[in-house]
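Take a look at the structure set out below.
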Amino acid sequence: MFALMQSTRTQSLHLTVDAATGLKAVIAIHSDRVGPALGGCRYLAYPDDESAMIDAIRLAQGMSYKAALAGLPLGGGKAVIIRNPHVENRAALFEAFGRFIESLEGRYITAIDSGTSTVDMDCIALSTQHVTSTTAAGDPSPHTAMGVFAGIRATSMARLGSDNLEGLRVAVQGLGNVGYALAEQLHAAGAELLVSDYDSGRVQLAMEQFGAHPVASEALISTPCDIFAPCGLGSILNCQSVNQLRCAAVAGSANNQLTNLQAADQLEARGILYAPDYIINSGGLIYVALKHRGEDLGTITAHLARIPLRLTEVFAHAQAEKRSPARVAESLAERLVYQKGV
Ligand code: NAD
């Protein structure tokens with residue numbers, strides 16, 4: 001774990017257990033040099049404890065990059081609560097997690113993420129004020145979806161020469177909080193939807209509401225389409241899976257889509273334009289950060305509008321330098337996070 005912390009330049013890793021509630025949690029702080037480390041809290045099952053720590057470390061680094069590229073004075077952090085199938089009192093578990101956050105004295109601020117809800121954030125808020133996306137503050141997912149939608153239009157413009165999505169075939173992998181809201185916007189813009197989710201109820205709903213075509217989860221990645229939008233979990237793009245893609249671009253909300261930068265190079269070699277995840281999915285972070293600061297919706301919307309501009313800028317650099325947008329985004333983020341200390 002120390003080697004991974006060193007290679008990702010992670011500042012600290014915090015672990016806790018709470019026998020009374022069954023809480024087993026990890027908080028990774030990649031950096032809090034320019035501001036508190038803000039990042040979501042996952043509540044998921046992991047094959048082992050080490051995988052949970054690795055997930056938190058990698059995601060926290062992504063949050064630092066995301067905040068820097070979104071122009072927010074924040075560091076990056078992430079929390080993982082290991083899902084306990086036998087937990088008796090979920091509310092007490094999240095309240096205990098709030099005490100863990102409080103012990104870090106404001107260095108880490110939490111938010112909703114995969115497997116957690118605004119109600120869970122309300123339970124955390126009983127123990128700490130370092131929490132966003134409570135019921136009162138609102139779920140950031142619609143704002144993430146809004147940013148991804150605008151990002152898909154920018155990606156379509158860069159790769160296909162038009163940001164008109166009418167008739168475009170978009171494959172949405174995962175119809176959760178973000179994926180479903182994204183599908184709704186894509187449908188309204190006239191896109192043809194191909195969808196998959198492990199939860200057949202979500203797929204059924206998208207078929208009824210948006211006329212979406214269902215595709216088996218394992219088959220979606222190789223289904224011909226214009227844009228593949230990963231909105232499930234990360235690590236889905238590796239050298240093998242990239243070869244299966246039959247699309248012009250990849251643009252979706254999932255964090256850490258690439259297993260490594262070689263996968264990005266392979267996308268580039270295949271002529272598939274990749275929208276860096278921590279730029280296109282930054283709408284949620286922008287929403288929770290500005291909401292936590294007390295900004296109004298107009299300010300938040302104006303900040304969200306920078307997402308497609310930032311993407312377009314990265315695509316232009318990538319084209320000029322004949323590099324993957326993922327590498328360009330990483331260079332930019334590293335410059336901001338490490339060298340300038342922004
Ligand atoms: P969610 O848990 O609400 O939904 C994820 C959905 O994807 C689930 O319905 C799940 O069944 C499905 N899924 C997962 N892997 C799949 C696969 N391989 N094939 C088909 N379906 C699959 O999560 P969410 O809040 O919608 O977030 C989705 C992704 O976007 C996550 O990677 C998350 O980290 C990222 N993200 C979310 C936000 C946000 O505001 N919620 C912000 C930034 C990034």
Side-chain angles (χ1 to χ4, degrees), residues 38-45 55-56 58-63 65-67 69-70 72 76 78-81 83 110-121 132-133 137-149 151 171-185 193-206 212 214-223 228-238 241 244-245 250-259 275-291 300 304 307:
L38 199 162
C41 166
R42 290 193 161 179
Y43 183 50
L44 297 175
D55 205 25
R58 290 198 190 287
L59 288 163
Q61 183 189 35
M63 293 309 292
Y65 290 8
K66 196 183 296 195
L69 288 177
L72 296 167
K78 205 80 175 187
V80 165
I81 301 179
R83 186 179 276 276
T110 202
I112 193 174
D113 204 313
S114 291
T116 56
S117 67
T118 51
V119 174
D120 296 327
M121 298 301 123
T132 66
S133 40
D139 179 357
S141 306
H143 303 273
T144 303
M146 237 183 272
V148 175
F149 176 73
V172 182
Q173 181 186 58
L175 293 166
N177 293 323
V178 180
Y180 197 84
L182 173 67
E184 186 172 15
Q185 291 177 63
L193 293 172
L194 304 154
V195 298
S196 75
D197 198 297
Y198 298 139
D199 179 345
S200 58
R202 307 289 294 179
V203 174
Q204 185 63 34
L205 213 57
V215 180
S217 289
E218 62 285 1
L220 192 73
I221 197 157
S222 54
T223 301
F228 177 65
C231 298
L233 292 180
S235 298
I236 50 136
L237 299 173
N238 54 45
S241 65
Q244 293 177 272
L245 286 166
V250 174
S253 77
N255 278 313
N256 291 357
Q257 292 168 29
L258 299 163
T259 42
D277 47 12
Y278 49 83
I279 300 179
I280 194 169
N281 72 12
S282 60
L285 175 66
I286 291 167
Y287 176 78
V288 297
L290 298 189
K291 189 86 183 163
I300 295 171
L304 282 174
I307 293 174

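Just so it is clear, the structure is predicted and the values come from calculations on it, not from any experiment. Order of listing sets the numbers, starting from 1, for every ligand and every atom in it.
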I'd like a table of donor-acceptor pairs (distance under 3.5 Å, sequence neighbours excluded) in which one partner is a side-chain atom from residues 138-149, with atom names and distances.
residue: D139; atom: OD1; partner: S141; partner atom: N; Å: 2.8
residue: D139; atom: OD1; partner: S141; partner atom: OG; Å: 2.7
residue: D139; atom: OD2; partner: S141; partner atom: OG; Å: 3.4
residue: T144; atom: OG1; partner: P140; partner atom: O; Å: 3.4
residue: T144; atom: OG1; partner: G284; partner atom: N; Å: 3.1

Less than 4.5 Å apart, any side-chain heavy atom of S253 and any of L182?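 SC-SC contact between S253 and L182 ruled out.
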Apply the test side-chain contact (heavy atoms from CB on, under 4.5 Å) to residues D199 and L175: give CA-CA distance (whole Å), side-chain angles for both, the deciding distance (0.1 Å), then the verdict. CA-CA 8 Å; D199 179 345; L175 293 166; over 6 Å; no
Restricting to salt bridge (Lys or Arg N to Asp or Glu O under 4.0 Å), what partner residues turn up for D113, sequence neighbours left out?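 Listed in chain order: R42, K78.
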Do any nitrogen or oxygen atoms of ligand 1 lie under 3.5 Å from a protein nitrogen or oxygen, and which ones?
residue: ligand 1; atom: 3 (O); partner: N177; partner atom: N; Å: 3.0
residue: ligand 1; atom: 3 (O); partner: N177; partner atom: ND2; Å: 3.3
residue: ligand 1; atom: 9 (O); partner: D197; partner atom: OD1; Å: 3.1
residue: ligand 1; atom: 9 (O); partner: D197; partner atom: OD2; Å: 2.7
residue: ligand 1; atom: 11 (O); partner: D197; partner atom: OD1; Å: 2.6
residue: ligand 1; atom: 18 (N); partner: Y198; partner atom: OH; Å: 3.0
residue: ligand 1; atom: 26 (O); partner: N177; partner atom: N; Å: 3.1
residue: ligand 1; atom: 26 (O); partner: V178; partner atom: N; Å: 2.9
residue: ligand 1; atom: 30 (O); partner: S253; partner atom: O; Å: 3.3
residue: ligand 1; atom: 30 (O); partner: S253; partner atom: OG; Å: 2.9
residue: ligand 1; atom: 32 (O); partner: G232; partner atom: O; Å: 2.7
residue: ligand 1; atom: 32 (O); partner: N255; partner atom: N; Å: 3.3
residue: ligand 1; atom: 34 (O); partner: R42; partner atom: NH2; Å: 2.9
residue: ligand 1; atom: 34 (O); partner: D113; partner atom: OD1; Å: 3.4
residue: ligand 1; atom: 34 (O); partner: N255; partner atom: ND2; Å: 2.9
residue: ligand 1; atom: 40 (O); partner: T144; partner atom: OG1; Å: 2.6
residue: ligand 1; atom: 41 (N); partner: S141; partner atom: OG; Å: 3.1

With distance as the sole criterion, is a donor-acceptor pair present between the side chains of E184 and Y180 under 3.5 Å?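 No, no side-chain donor-acceptor contact under 3.5 Å.
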A254: what forms a side chain to side chain contact (heavy atoms under 4.5 Å, CB included) with it, not counting sequence neighbours?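 Counting only residues at least two positions away or on another chain, A254 forms a side chain to side chain contact (heavy atoms under 4.5 Å, CB included) with P230, Q257.
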